[in-house]
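Notes for the one structure printed next.
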Amino acid sequence: MSIYAKAMLAGFAATAVLSVLMVMKAMMGLMPALDVISMLSGMAKQMLGFGGMWLGWMVHFLIGTVLWGGLYALLYDKIPTSSPVGKAVMFAVGAWLLMMIMAMPMAGAGLFGLKLGMMAPIMTLILHVIWGLVLGGIFAGLSSLTVDRANATSDQ
């Protein structure tokens, strides 16, 4: 399996975990104004002329899987530290920073999402760090499986 396939699979799993946390946050009534799926749906509707929550979820998973998963694979060797988990957390913080200075203002939430309140950048940073931990953990696991299979094949 290529580094890109592993990173995108790990990105999908990390996005699924992030999505569960986002739904739990909404169910608990925490920061209802911080609704990334609604923001993505609104942005898609503005850009494409159609949309809905389904499109927001689809864009959310495409970003987490293809965009961020693919970029993690592309930048993997350039991210300092030797640990896949450490690399993924550093990468996730970079993705968070881009979201804060580009996506949040585009969605009308202001720089760092501060129009949503002081907790918005903190909450989104925590969620991105969790996403990075899952991304790196699964990527490391998939990478070690590949190494183990290669070693088993060469031993025969």
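FYI, side chains are in, hydrogens and waters are out, and symmetry mates aren't considered; it's all heavy atoms of this structure. In this text the structure is predicted, and so the values were computed from the model without any measurement.
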Original post:
Closest heavy-atom contact between Gly117 and Pro121?
Top reply: O-CD, 3.7 Å
Subject >> Lys25 side chain to Leu34 backbone, donor-acceptor under 3.5 Å >> reply: yes
**OP:** Please answer whether the main-chain N or O of Lys87 pairs with a side-chain N or O of Thr81 as donor and acceptor at a distance below 3.5 Å.
**Re:** no
**OP:** Treat each ILVMFWY residue as a node, draw an edge where side-chain heavy atoms are under 4.5 Å apart, and state whether Met106 and Met99 are in one component.
**Re:** no
Subject >> Single-linkage hydrophobic cluster, 4.5 Å side-chain cutoff, Trp54 and Met43 together >> reply: no
Original post:
Should we count CZ of Phe12 as having more than 12 external heavy atoms under 6.0 Å?
Top reply: no
Original post:
Is the backbone N or O of Gly56 less than 3.5 Å from a side-chain atom of His60, with the two atoms forming a donor-acceptor pair by type?
Top reply: no
Original post:
To the nearest 0.5 Å, what is the distance between CG (Leu40) and CD1 (Ile63)?
Top reply: 5.0 Å
Original post:
Got Ile37 and Met53 here, is their nearest side-chain heavy-atom distance under 4.5 Å?
Top reply: yes
**OP:** Any chance you could measure Ser38, atom OG, to Lys45, atom NZ, to the nearest 0.5 Å?
**Re:** 12.0 Å
Original post:
Within a strict 4.5 Å, meaning less than it, do heavy atoms of the Leu98 and Trp68 side chains meet?
Top reply: yes
Original post:
Are Phe91 and Trp96 an aromatic pair by the rule of ring centers under 6.0 Å?
Top reply: no
**OP:** Determine the minimum heavy-atom distance between Ala13 and Ile138, stating which atoms define it.
**Re:** CB-CD1, 3.3 Å
**OP:** Of all the heavy-atom pairs spanning Trp131 and Ala92, show the shortest one and how long it is.
**Re:** CE3-CB, 3.8 Å
Original post:
If we only count heavy atoms from C-beta on, is the Lys115 to Met104 side-chain gap below 4.5 Å?
Top reply: no
Original post:
Between atom CG of Leu21 and atom CG of Leu30, what is the distance when rounded to the nearest 0.5 Å?
Top reply: 11.5 Å
**OP:** Search all heavy atoms of Ala120 against all heavy atoms of Met31 and return the closest pair with its distance.
**Re:** N-CE, 3.4 Å
Original post:
Under 6.0 Å from the CE atom of Met102, do we count more than 12 heavy atoms belonging to anything else shown?
Top reply: no
Subject >> Distance (rounded to the nearest 0.5 Å) between Leu135 CG and His128 NE2 >> reply: 11.5 Å
Original post:
Hey, quick one: are Ile101 and Ile122 part of the same hydrophobic cluster, counting side-chain heavy atoms closer than 4.5 Å, chains of contacts allowed?
Top reply: yes
**OP:** For the pair Thr65 (side chain) and Leu62 (backbone), establish whether a donor and an acceptor sit closer than 3.5 Å, ignoring hydrogens and angles.
**Re:** no
**OP:** Look up atom OG in Ser19 and atom CH2 in Trp57, then write down how far apart they are to the nearest 0.5 Å.
**Re:** 4.5 Å
**OP:** Might you point out which heavy atoms bring Ala88 and Gly132 nearest each other, and give the distance in Å?
**Re:** CB-O, 3.1 Å
Original post:
Under a single-linkage definition using a 4.5 Å side-chain heavy-atom cutoff for Ile, Leu, Val, Met, Phe, Trp and Tyr, are Leu97 and Leu67 assigned to the same hydrophobic cluster?
Top reply: yes
Original post:
Got a second to check how far Met8's CE is from Met1's CE, nearest 0.5 Å?
Top reply: 11.5 Å
**OP:** Could you pull out the closest heavy-atom pair between Tyr4 and Ala73, with the gap in Å?
**Re:** CD2-CB, 3.5 Å
Subject >> CE/Met47: more than 12 non-hydrogen atoms of other groups inside 6.0 Å >> reply: no
**OP:** Take the angle between the ring planes of Tyr76 and Phe139 and call it parallel below 30°, perpendicular above 60°, tilted in between.
**Re:** tilted
Subject >> Residues Leu55, Leu48; criterion side chain to side chain contact (heavy atoms under 4.5 Å, CB included); working and verdict >> reply: CA-CA 11 Å; Leu55 188 56; Leu48 303 172; 4.0 Å; yes
**OP:** Just do the side chain to side chain contact (heavy atoms under 4.5 Å, CB included) check on Ile130 and Leu18 with the steps written out, would you?
**Re:** CA-CA 7 Å; Ile130 292 168; Leu18 176 66; over 6 Å; no
